[in-house]
Chemist: 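Got a structure for you, questions after.
Quick caveat, the model's predicted, so the values are computed rather than measured.
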Amino acid sequence: MKKILLILALVLVAVYVALTLFSSNDDYSMEKAYFEAIKEYHKIVNNPDVAPPAMLSSVENKLKDIIERFPNNEKIRAVKMVLAEFYLGNKEYDKALGVVDHVLDTYGEEVTPSSQAQFLKGLIYERQGLWPKAKKEYLILRDNYTETPIGFQVPLYIGNYHKQKGDFDKADQAHREAVEFYSEMEVQSRGKVLGYVAANMLLQAQMELKDYLSAEETLLYIIDAYPSDLTFGQQLIKVEEILIKHLKSPEKAMAVYQNMKNKTKNDKLIALIDQKIAQLGAPQAPK
């Protein structure tokens, strides 16, 4: 319970910051009321097991009051999402669903709030132990909001859910479906940022399946197809994990390190790669 409340509190802070950064003078009253709700909610997060019902009601009423007073404010949808998250944190699932459905009905054409609401709807069912309903909502999120950060993670999320529950057969099936999904997305977005993200998700799904030979192929493809200092820096740990730890192929790792080193002029990255090479016991060329 405390972990959930902490996560939701961080969401409250993030939304408040967004409201502050993009507000006009006309929004001052709304922001002030919202900040007061956040302050009170922090007290609940710090002591969730002893928070009196009156304090919970106070936060709820303050959020609802903001929604009633500023119904046409362009930022009010964010406050509605916070109210839904507040209900979820307090296990008031019917209320949370009501707010989420309202957000989906009202802001259906706006991708970001709708994708967040769609995920939250699945999470509400998941918290109730209604996984079939939760999965249905997550698949809607995957299919209708594919290119959003949260929608893109759904295939792996489903696999990891089953893994955490100890249902490894279903986890493997979900991760195989994730491999198909991310492979297709990488082809569709090849050469773009989304393609790079898809390739990394594909790599992660293959590692979940312990298909390290396929993971090796994907890793080498990422380095070749998306060459940049960012790519090299992010993939160093994968080189070590896949090629050295699992495939026991330090010679292949050495070749990859040398390949990345030859393609960068970043001194810090070169020094880091040299450290990896030294760990394999290879002599360094004089500078």
Chemist: For a quick test of reading the model, state the closest non-hydrogen atom pair linking Tyr107 to Ile76 and the distance between them.
Modeler: OH-CG2, 3.5 Å
Chemist: Is it the case that the side chain of His102 and the backbone of Gly98 share a donor-acceptor pair, with hydrogens and angles ignored and the cut-off at 3.5 Å?
Modeler: no
Chemist: Name the one of Tyr145, Tyr161, Tyr125, Tyr157 that satisfies ring-ring contact (aromatic ring centres under 6.0 Å, His included) with Tyr138?
Modeler: Tyr157
Chemist: Any non-hydrogen side-chain atom of Tyr196 less than 4.5 Å from a side-chain atom of Gln234?
Modeler: yes
Chemist: Atom NZ in Lys263, atom CG in Leu269: separation rounded to 0.5 Å?
Modeler: 13.0 Å
Chemist: Are any non-hydrogen side-chain atoms of Thr231 and Asp229 less than 4.5 angstrom apart?
Modeler: no
Chemist: Using a 3.5 Å distance criterion without hydrogens, assess whether the side chain of Asn259 forms a donor-acceptor pair with backbone atoms of Ala255.
Modeler: no
Chemist: Please confirm whether the backbone N or O of Thr112 pairs with a side-chain atom of Ser115, one donor and one acceptor, at under 3.5 Å?
Modeler: yes
Chemist: Pro250 and Ile244: which non-hydrogen atoms are nearest, and at how many Å?
Modeler: CA-CG1, 4.4 Å
Chemist: How far apart are the closest heavy atoms of Ala205 and Val179, and which atoms are they?
Modeler: CB-CG2, 3.8 Å
Chemist: Once rounded to the nearest 0.5 Å, what's the spacing between atom CG of Leu202 and atom OG of Ser183?
Modeler: 4.0 Å
Chemist: Would you call the rings of His246 and Tyr212 parallel, tilted or perpendicular if under 30° counts as parallel and over 60° as perpendicular?
Modeler: parallel
Chemist: Side chains of Lys165 and Lys170, heavy atoms from C-beta outward: is any pair under 4.5 Å?
Modeler: no
Chemist: Under 4.5 Å between any side-chain heavy atoms of Val154 and Ile158, yes or no?
Modeler: yes
Chemist: Leu209 and Tyr221: same hydrophobic cluster, using ILVMFWY side-chain contacts below 4.5 Å?
Modeler: no
Chemist: Can you sort out the partners of Glu216 under salt bridge (charged side-chain N to carboxylate O under 4.0 Å, His left out), two or more places apart, ordered by chain and number?
Modeler: Lys252
Chemist: Within the structure provided, determine whether Arg77 and Glu110 are in side-chain contact (heavy-atom separation under 4.5 Å).
Modeler: yes
Chemist: Tell me whether the count of non-hydrogen atoms from other residues, nucleotides or ligands lying under 6.0 Å of CD in Glu109 goes above 12.
Modeler: no
Chemist: Check whether the side chains of Gln188 and Glu184 place a donor and an acceptor atom closer than 3.5 Å, and report yes or no.
Modeler: yes
Chemist: So, for Tyr87 and Tyr93, is the gap between ring centers shorter than 6.0 Å?
Modeler: no
Chemist: Assess whether side chain to side chain contact (heavy atoms under 4.5 Å, CB included) is satisfied between Glu186 and Val197, documenting all intermediate values.
Modeler: CA-CA 8 Å; Glu186 195 282 325; Val197 175; over 6 Å; no
Chemist: Say you draw a straight line from NZ of Lys62 to CD1 of Ile66; how long is it, rounded to the nearest 0.5 Å?
Modeler: 9.0 Å
Chemist: Considering all heavy atoms of both residues, which atom of Leu203 and which atom of Ala215 are nearest to each other, and what is their separation?
Modeler: CD1-O, 3.3 Å
Chemist: When rounded to the nearest 0.5 angstrom, what is the spacing between CD in Glu147 and NZ in Lys192?
Modeler: 8.0 Å
Chemist: Quick check: closest heavy atoms across Leu88 and Ala96, and the distance to 0.1 Å?
Modeler: N-CB, 4.0 Å
Chemist: Might you work through the side chain to side chain contact (heavy atoms under 4.5 Å, CB included) test for Leu220 and Asp224, ending with a clear yes or no?
Modeler: CA-CA 6 Å; Leu220 298 179; Asp224 182 62; over 6 Å; no
Chemist: Can you see which heavy atom on Val100 is nearest to which on Ala117, and at what distance?
Modeler: CG1-O, 3.3 Å
Chemist: Would you check if Leu213 and Gln206 make a side-chain contact, meaning some heavy-atom pair closer than 4.5 Å?
Modeler: no
Chemist: One pair to check against ring pair (Phe, Tyr, Trp, His ring centres under 6.0 Å): Phe152 and Tyr182. What are the steps and the verdict?
Modeler: CA-CA 9 Å; Phe152 212 62; Tyr182 293 123; 5.5 Å; yes
Chemist: Assess the residue pair Asp169 and Asp167 against the criterion (side chain to side chain contact (heavy atoms under 4.5 Å, CB included)); give the C-alpha distance rounded to whole Å, side-chain angles, the decisive distance to 0.1 Å, and a yes or no.
Modeler: CA-CA 6 Å; Asp169 289 339; Asp167 195 336; 4.2 Å; yes
Chemist: Evaluate the side chain to side chain contact (heavy atoms under 4.5 Å, CB included) criterion for residues Lys133 and Lys136: first the C-alpha distance (whole Å), next the side-chain angles of each, then the deciding distance (0.1 Å), finally the verdict.
Modeler: CA-CA 5 Å; Lys133 286 187 174 183; Lys136 180 180 178 181; 5.6 Å; no
Chemist: Is Leu236 reachable from Leu280 through a run of I, L, V, M, F, W or Y residues, each pair having side-chain heavy atoms under 4.5 Å apart?
Modeler: yes
Chemist: With a cut-off of 6.0 Å (strictly less than), are more than 12 heavy atoms of other residues, nucleotides or ligands near CG of Asn262?
Modeler: yes
Chemist: Evaluate the side-chain proximity of Arg142 to Leu139: yes if any heavy-atom separation is below 4.5 Å, no if none is.
Modeler: yes
Chemist: Regarding Glu60 and Asn90, do their side chains bring together a donor and an acceptor under 3.5 Å, going by distance alone?
Modeler: no
Chemist: Find out if a path of hydrophobic residues (ILVMFWY) with successive side-chain heavy-atom gaps under 4.5 Å connects Ile140 to Ile124.
Modeler: no
Chemist: Go through the steps to decide whether Tyr257 and Glu240 satisfy the test side chain to side chain donor-acceptor pair (under 3.5 Å), and finish with yes or no.
Modeler: CA-CA 10 Å; Tyr257 288 148; Glu240 186 171 357; 4.8 Å; no
Chemist: Do Val99 and Leu104 belong to the same hydrophobic cluster, where Ile, Leu, Val, Met, Phe, Trp and Tyr are linked whenever their side-chain heavy atoms lie under 4.5 Å apart, directly or via other members?
Modeler: yes
Chemist: Closer than 3.5 angstrom, by distance alone: can the side chain of Ser249 be matched with the main-chain N or O of Glu251 as a donor-acceptor pair?
Modeler: no
Chemist: With side chains defined as the heavy atoms from C-beta onward, is the minimum distance between Thr218 and Asn200 less than 4.5 Å?
Modeler: no
Chemist: Enter the distance from Met185:CE to Met201:CE here, rounded to the nearest 0.5 Å.
Modeler: 10.5 Å
Chemist: Is Phe181 reachable from Ile150 through a run of hydrophobic residues whose side-chain heavy atoms are each under 4.5 Å from the next?
Modeler: no
Chemist: When you check the side-chain N and O atoms of Glu177 and Gln173, is any donor under 3.5 Å from an acceptor?
Modeler: yes
Chemist: Any ion pair linking Lys163 and Asp172 (charged N to carboxylate O, less than 4.0 Å)?
Modeler: no
Chemist: Under the criterion salt bridge (Lys or Arg N to Asp or Glu O under 4.0 Å), I'd like the reasoning laid out for Glu180 against Arg176: C-alpha separation, chi angles, the key distance, then a yes or no.
Modeler: CA-CA 7 Å; Glu180 294 179 6; Arg176 284 192 291 270; over 6 Å; no
Chemist: Roughly how far apart are Thr146 OG1 and Asn144 CG, rounded to 0.5 Å?
Modeler: 7.5 Å
